[in-house]
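Worksheet: the structure to be examined is printed underneath.
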Amino acid sequence: MAQQGNVFNIQRFTIHDGPGMRTELFLKGCPLRCEWCSNPESWTSSVQPGVYKTKCISQKKCGMCKEECPKEDVLQFVRGKLTSIDRSKCTNCLACYQACPSDAIKQWGKWMSVDECMKEIKKDLGYYERSGGGVTVSGGEPLLQSDFVAELFSRCKDEGIQTCLESTFCTEWEEAEKVLPYTDIVISDLKHMSSEVHRKYTGVTNERILDNLKRLADGHRELILRIPVIPGVNDDRENIEAAADFIIRELKGNVRTLQLLSFMRLGEEKYQSLGIPYKMEHVKINRKSFQKHVEELADYFNSRGIHCLVGTKEKQ
Ligand SMILES: C[S@@+](CC[C@H](N)C(=O)[O-])C[C@H]1O[C@@H](n2cnc3c(N)ncnc32)[C@H](O)[C@@H]1O
Ligand code: SF4
Ligand code: SF4
Ligand code: SF4
C-alpha cells in the first residue's frame, strides 16, 4: 500500500547521523518528552501550527488568521500581535497558517507520500555515491510510522541507497521488525540507566528500550550508540559506569561506536512557538570545562574497551 508519512523536516547534506553526506528525514510523533529535547515540534503525531510573534503584522492591519479560525478565542493577541494559540481548543486545521500573509504562523509537519520523499532523496544520489552516504530517518520516533519507513527504506534499497534508522526503540519490537530488513545502520541512545531517573527526565521508563537494544545485539546488529550528556542528569560516575557495564555485558561487542553528544541549548524558539515551557532554562554551563568533562567520560569508556568519541565524527 502507498504509505504517507508525517515529516517535519528534510535536511540535505547532513554529516552527523550516519556516514558520508546524507539526506535526513525527521518524522513527527515521539513517546518521550526529554527535558533537553532540541526538537519539541516532533512530539505530537499531528500536523500543528507554531506561532512566531515577532513576524505578526498586527491584528488591526491584518487579522486574517482570526477571520479564518473556525473556533472562538483560540488565537490569542497581546498588544495587537498574535502571541499564542490555546492548544486545548485548537483542532490543528491550519486555516490560520493558510490565511497568514506573513511568516507569523508556521506549519509543523506535512503528510508526504513515499514518492514525494523519494523525489527529494534522489536529488542527491551523486553525493551519496561519492561520500559513502545515504538516507537517515530520525525524529521524533520514526518507528511510530513503521509502515511508512519500511516502504521508504525498501524503495531506497531498490535504488541502491544506504539507509540509517535513528530510533529511541521505545516501541513494540514488532515495529522495529518491519523496518530492520531494509536498514543498513542503526543509531540509538542510552539516555539514563536508572529506569526511575529515565522516567523523571524523559517521561518513560527505560526497560523496553534496553530490551530492544539487547534484541538488536542478540541478532548481531551493529549499533552506533549515543549518550546525550546532560549536566546534572546523566553525567555522574554511577550512570556512566552502569552504561559501560550494560554495553559490555548486554550488547556484547555489537556497539561499533559510542558517541557522547554534549548538551546543547537548542530549540528554545520552537518551544515558544508551541507554547511549551523550556525546562532547561536554568542550566548554565561553562562550555570549556564541560567539554573537558565530556572528554574525561570518553576516556573512561575507552579505558573499558568501548570505542568512544566526543561528537559524531572520527578524528581524521
Ligand atoms: C533529535 S534526536 C532524534 C532521535 C531520537 N528522537 C532520540 O532522541 O534518540 C538526535 C540526537 O540528538 C540528541 N539530542 C537531543 N536534544 C539534545 C540536546 N539538547 N543536546 C544534545 N543532544 C541532544 C538525542 O539524544 C539524539 O541522540
Ligand atoms: S489550527 Fe485551526 S483551530 Fe487551531 S488556531 Fe489555527 S485555525 Fe484555529
Ligand atoms: S494572519 Fe498572520 S500577520 Fe495576520 S494577524 Fe494573524 S498572525 Fe498576524
Ligand atoms: S526522544 Fe528525541 S525527539 Fe523524543 S523527546 Fe527525546 S530528544 Fe526529543
Side-chain angles (χ1 to χ4, degrees), residues 8-9 11 14 16-18 24-44 49-69 74-78 80-85 95-106 136-144 164-171 186-192 198 201-204 206 209 213 224-231 233-235 258-268 270-271 273 276 278-280 283 285 290 294 310-312:
F8 70 87
N9 192 7
Q11 274 183 5
T14 69
H16 293 293
D17 299 325
E24 189 157 0
L25 285 84
F26 293 86
L27 304 197
K28 252 174 103 47
C30 188
L32 281 72
R33 295 289 181 267
C34 305
E35 291 195 355
W36 54 87
C37 178
S38 52
N39 286 337
E41 74 279 34
S42 71
W43 289 357
T44 66
V51 175
Y52 285 80
K53 61 182 176 194
T54 54
K55 303 268 176 68
C56 177
I57 299 164
S58 93
Q59 187 184 4
K60 221 171 176 182
K61 289 190 191 141
C62 167
M64 294 300 290
C65 51
K66 198 167 166 74
E67 231 165 80
E68 292 303 318
C69 179
V74 181
L75 293 152
Q76 295 163 345
F77 294 83
V78 174
K81 302 260 187 189
L82 179 68
T83 53
S84 60
I85 289 172
C96 53
Y97 160 75
Q98 276 143 15
C100 181
S102 170
D103 289 327
I105 304 175
K106 192 175 161 63
T136 297
V137 172
S138 180
E141 176 42 67
L143 293 180
L144 293 182
C164 172
L165 172 71
E166 183 172 30
S167 169
T168 64
F169 287 97
C170 187
T171 62
V186 176
I187 304 179
S188 192
D189 270 18
L190 287 180
K191 298 186 202 289
H192 206 289
H198 197 282
Y201 288 105
T202 72
V204 298
N206 67 10
I209 296 169
L213 293 178
I224 295 173
L225 211 56
R226 289 177 166 175
I227 298 178
V229 182
I230 314 298
V233 172
N234 62 0
D235 60 338
L258 174 66
Q259 301 175 341
L260 303 185
L261 308 185
S262 304
F263 167 67
M264 301 290 283
R265 216 181 150 118
L266 286 171
E268 278 178 81
K270 295 188 278 187
Y271 278 87
S273 89
I276 303 171
Y278 182 59
K279 291 197 177 153
M280 302 303 281
V283 179
I285 51 171
F290 187 62
V294 177
V310 176
T312 58

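Keep in mind that what you see is a predicted model, and the values were worked out from it rather than measured. Below, each value reflects all heavy atoms present in this structure, side chains not excepted, and no hydrogens, waters or symmetry copies. Counting convention: from 1, in listed order, for ligands and their atoms alike.
- Closest to atom 3 (S) of ligand 3 among all protein heavy atoms lies Ile57 N, 3.4 Å.
- In terms of polar-atom proximity, Ser38 is counted as a contact of ligand 1, with an N or O under 3.5 Å from an N or O of the ligand.
- Summary of contacts: the protein heavy atom closest to atom 10 (C) of ligand 1 is Glu166 OE2, 3.3 Å.
- Using modelled atom types, no side-chain atom of Thr14 and backbone atom of Gln11 make a donor-acceptor pair closer than 3.5 Å.
- At a threshold of 2.8 Å, atom 8 (Fe) of ligand 4 has a backbone or side-chain N, O or S atom of Cys37 nearer than that distance.
- In terms of N/O distances under 3.5 Å, ligand 1 is not approached by Ser167.
- Within the 4.0 Å heavy-atom criterion, the part of Ala104 lying near ligand 3 is the side chain and not the backbone.
- Side chains of Phe169 and Leu143 form a contact here, defined as non-hydrogen atoms less than 4.5 Å apart.
- If you check which protein heavy atom lies closest to atom 20 (N) of ligand 1, you get Met264 N, 3.0 Å.
- Of the candidates Thr136, Leu165, Ile224, Thr136 is the only one forming a side-chain contact (heavy atoms from CB on, under 4.5 Å) with Asp17.
- A donor-acceptor distance shorter than 3.5 angstrom exists from the side chain of Thr83 to the backbone of Gln76, with no hydrogens or angles considered.
- A donor and an acceptor atom, one from each side chain of Gln259 and Thr312, are nowhere located under 3.5 Å apart.
- A 4.5 Å side-chain heavy-atom check between Thr202 and His192 finds every atom pair outside the cut-off.
- The closest approach between Thr168 and ligand 4 falls below 4.0 Å for a heavy atom of the residue.
- Taking atom 9 (O) of ligand 1 as the reference point, the nearest protein heavy-atom neighbour is Lys191 NZ, 3.0 Å.
- Atom 2 (Fe) of ligand 4 has its closest protein heavy atom at Lys191 NZ, 4.3 Å.
- Trp36 and Tyr201 have tilted rings, their planes meeting at an angle from 30° to 60° on a 0 to 90° scale.
- For ligand 4 and Leu32, the ligand atoms under 4.0 Å from any heavy atom of the residue are 1 (S), 5 (S).
- At least one N, O or S atom of Cys34 sits under 2.8 Å from atom 6 (Fe) of ligand 4.
- Counting only heavy atoms of the protein, atom 6 (Fe) of ligand 3 lies nearest to Cys65 SG, 2.3 Å.
- Annotation for ligand 1: atoms under 4.0 Å from non-hydrogen atoms of Ser138 are 3 (C), 4 (C).
- Under the 3.5 Å distance criterion, the side-chain polar atoms of Lys60 are left unmatched by any main-chain donor or acceptor of Gly80.
- With ligand atoms numbered from 1 in the order given, ligand 3 contributes 4 (Fe), 5 (S) to contacts under 4.0 Å with heavy atoms of Gly63.
- If you check which protein heavy atom lies closest to atom 13 (C) of ligand 1, you get Leu261 CD1, 3.9 Å.
- When hydrogens are left out, the protein atom nearest atom 4 (Fe) of ligand 3 is Cys62 SG, 2.3 Å; that is the closest non-hydrogen contact.
- Looking from atom 21 (C) of ligand 1 to the surrounding protein, the closest heavy atom is Ser262 O, 3.5 Å.
- In this structure, Cys96 has no heavy atom closer than 4.0 Å to ligand 3.
- Among all non-hydrogen protein atoms, the one lying nearest atom 8 (Fe) of ligand 3 is Cys56 SG, 2.4 Å.
- Taking every heavy atom of Phe263 and a limit of under 4.0 angstrom, the matching atoms of ligand 1 come to 19 (N), 20 (N), 21 (C).
- For Ser42, every heavy-atom contact with ligand 4 shorter than 4.0 Å involves the side chain, none the backbone.
- Regarding atom 27 (O) of ligand 1, its nearest protein heavy-atom neighbour is Asp189 OD1, 2.7 Å.
- Among protein heavy atoms, atom 5 (C) of ligand 1 sits closest to Gly140 O, 3.7 Å.
- In this structure a side-chain-to-backbone donor-acceptor pair under 3.5 Å is present from Lys81 to Cys56.
- In this structure, the side chains of Lys28 and Thr44 come closer than 4.5 Å at one or more pairs of heavy atoms.
- In this structure, Pro231 and Phe290 have side chains that are in contact, with non-hydrogen atoms separated by less than 4.5 Å.
- Lys106 and Glu41 are not joined by a salt bridge, as no carboxylate oxygen comes within less than 4.0 angstrom of a charged side-chain nitrogen.
- When each atom of ligand 3 is checked for a heavy atom of Leu82 under 4.0 Å away, the hits are 7 (S).
- In this structure, the side chains of Lys66 and Gln59 come closer than 4.5 Å at one or more pairs of heavy atoms.
- Remark: minimum distance from atom 1 (C) of ligand 1 to any protein heavy atom is reached at Asn39 ND2, 3.2 Å.
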